[in-house]
Number of protein chains: 2
Amino acid sequence: MIVMTMFGGSARLQWGGNWSRLAAMNATKASRTGSGASAASASTYHHGNLREVLITEGLALAAEAGLDAVSIREVARRAGVSPGAPFRHFPDKVALMTAVAEEAMARFRAEIVAALGRETSGDPIRRIRAIGKAFLDWARRNPTHFEIISSRRAIDFAGSASLGASNAAIQAQMVSLLEEAAQCGLLRVNDPHLIQITGRALVYGLARMLIDGQFPSWGVTEDEAEDVMERSLDLFLAGLLKAPASADPGRS
Amino acid sequence: MIVMTMFGGSARLQWGGNWSRLAAMNATKASRTGSGASAASASTYHHGNLREVLITEGLALAAEAGLDAVSIREVARRAGVSPGAPFRHFPDKVALMTAVAEEAMARFRAEIVAALGRETSGDPIRRIRAIGKAFLDWARRNPTHFEIISSRRAIDFAGSASLGASNAAIQAQMVSLLEEAAQCGLLRVNDPHLIQITGRALVYGLARMLIDGQFPSWGVTEDEAEDVMERSLDLFLAGLLKAPASADPGRS
DNA sequence: ACCTGAACACCGTTCAAGT
DNA sequence: ACCTGAACACCGTTCAAGT
């Protein structure tokens, strides 16, 4: 099957042959599982699964060696393909990193949803605190993934509907909890948007101070970091409350 | 004058000729001033001033094109020297960027000192607020310089006594103001260290949200950013106070 | 269709050779 | 002393050629 296509004004030949059957046989590849992949590894000129493997390897390489260590060539090497192969699936490095960021963001969002599920209390302040804590925990455990989706260098955030939607979903959750808290008369200030931005800036700043290695110069050791971040969040939340605040709103 | 030196166990020849007179003639170079530099620009094999020029050009290139656009080769190009020349003055790129960071940090600190000088009030809360505001203003006006000294990628923070000292000086200023506020009975919580870290995390988070381009996805336009950051700071400060806080502690 | 492999213009870094 | 210029191993990206 031969197809003629017009693309950017120039005619190109495209072969409509179906490689997907062959690809399915090789879907697992010889990656980390190593579960009997020896049979399929021979003579697979077409990878079949490359797009996903590139994203997975990008994520893994970032986690292992840091954001600046992620290169298309190294990702291609780990996927077992030539340096030019990734460009068949992503127009440039930014596009690959954006796809990596989308996967990281999906995991981040799932973690927040899970944390909210664990916080069975109906108290909006406790639920807000659970989101903040989940944010901090995830950043601490996945520093480079956090950096990819938050620093936004190396990705095209605005160009990704997926990233925008995930971000908006997390925000909406928080706004609704803040409005609930306001209606219950819990808040000292009636400005949910400002509170939201301030809270976000606080947890973002804490996470970045950790990741950027600033805590040592503030007298906080690695062991203390988790505790300090948590108490910092509580200090802020207590300051929002109308009633003479208890020292630890998370344990009331 | 020929000198033998032992360095790392191997003998090396050093020429003790004096190039500094020649260098002094060329000290201004044909940089931004352009004040009658035409006469000195011919046949200056030895730059004479290169170390400082490299730092200045690094700072300027960072401000113009962003941190990732700073390359040793481009800095060398702007300084009018060959790609290898910078390595005579800095062992590697990290060392050059650390020197750039030291200059950026010195300017940052000067701005904070100036802001405190302008805040003539003796009220520790107002002085704390002035520091926070100066932090935010400087970050907004010098985004890349801010990123260099705060993200700390590309530099060796721990290896620079100058950076550590500047940082410690800024912290000490803040701690003493917080202790003063505590002694005046102004604070709801008696934990200056935790308050300091929380406040720093807040302004750092705000500055980074701005620089990382996150405000648009939080419904804040570029025009509104300065105002939002200021109100956010006030929201936090009000939450620290023991007395039923006024809405705007900066205008009391 | 999807991938290879050579090529190009970059970059950090080194090192002999120049002045 | 300090700088040049060629070299090396990287990188992102392109493009003909392979299957």
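Convention: sequence-line order gives letters A, B, ...; per-chain numbering from 1.
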Task: Length of the line joining Asp68(A):CG and dC10(D):P, which is rounded to integer Å - done: 18 Å
Task: Integer-rounded Å distance: dA1(C) C1' and Arg51(A) CZ - done: 16 Å
Open item on the list: Tell me the interatomic distance from Leu96(A), atom CG, to dC11(D), atom P, rounded to whole angstroms.
Closed with: 14 Å
Open item on the list: Looking only at the side chain of Ser71(A) (C-beta and beyond, no hydrogens), which of the listed nucleotides dT4(C), dC11(C), dC11(D) gets closest?
Closed with: dC11(D)
TODO: Would you indicate which nucleotide in dC11(C), dT13(C), dT13(D) comes nearest to any side-chain atom of Asp92(B)?
DONE: dT13(C)
Open item on the list: What I want to find out is whether Glu111(A) reaches Arg107(A) closely enough, with some N-O distance under 4.0 Å, to be called a salt bridge.
Closed with: no
Open item on the list: Of the options dC3(D), dT4(D), dC11(D), whose atoms approach the side-chain atoms of Arg88(B) most closely?
Closed with: dC3(D)
Task: Between Phe146(B) and Phe135(B), ring centroids under 6.0 Å - done: yes
Open item on the list: Measuring from the side chain of Ala85(B) (C-beta onward, heavy atoms only), which nucleotide among dT13(D), dT4(D), dC3(C) has the closest atom?
Closed with: dT4(D)
Open item on the list: If you go through the side-chain atoms of Arg73(A), does one of them form a donor-acceptor pair with the base of dT13(D) closer than 3.5 Å?
Closed with: yes
Task: Base-pairing mate for dT19(C) - Watson-Crick or G-U, with both contacts under 3.5 Å - done: dA1(D)
- [ ] Could you tell me whether Lys133(A) and Glu226(A) have a side-chain N and a carboxylate O separated by less than 4.0 Å?
- [x] yes
Open item on the list: Please report the distance, rounded to the nearest Å, between CG in Leu50(A) and C1' in dA1(C).
Closed with: 13 Å
TODO: May I have the distance from Phe90(A) (atom CZ) to dC11(D) (atom C1'), rounded to whole angstrom?
DONE: 18 Å
Open item on the list: Nearest to the side chain of Ser82(B), heavy atoms from C-beta on, is which of dG5(D), dG12(D), dT4(C)?
Closed with: dG5(D)
Task: Shortest non-hydrogen contact from Pro83(B) toward Arg73(B) - done: CG-NH2, 3.8 Å
TODO: Could you state the atom-to-atom distance from CD1 of Ile72(A) to P of dA9(C) in whole Å?
DONE: 20 Å
Open item on the list: Without decimals, in angstroms, what is the distance between Phe87(B) CZ and dG12(C) P?
Closed with: 7 Å
TODO: Measure across Leu136(B) and Ala207(B) and return the closest heavy-atom pair with its distance rounded to 0.1 Å.
DONE: CD2-N, 4.2 Å
Open item on the list: Taking the nucleotide of DNA chain D with the nearest heavy atom to each, does Pro91(A) or Glu74(A) sit closer to the 5' end?
Closed with: Glu74(A)
Open item on the list: Both distances below 3.5 Å, Watson-Crick or wobble geometry, any strand: find the nucleotide opposite dT14(C).
Closed with: dA6(D)
Open item on the list: I want to verify a distance call: between dT19(C), dG12(D), dA1(C), whose nearest atom is closest to the His46(B) side chain?
Closed with: dT19(C)
- [ ] Would you indicate which nucleotide in dT13(D), dC2(D), dT13(C) comes nearest to any side-chain atom of Pro83(B)?
- [x] dT13(C)
Task: Nearest-Å distance for atom pair CZ/P, residues Arg77(B) and dC11(C) - done: 5 Å
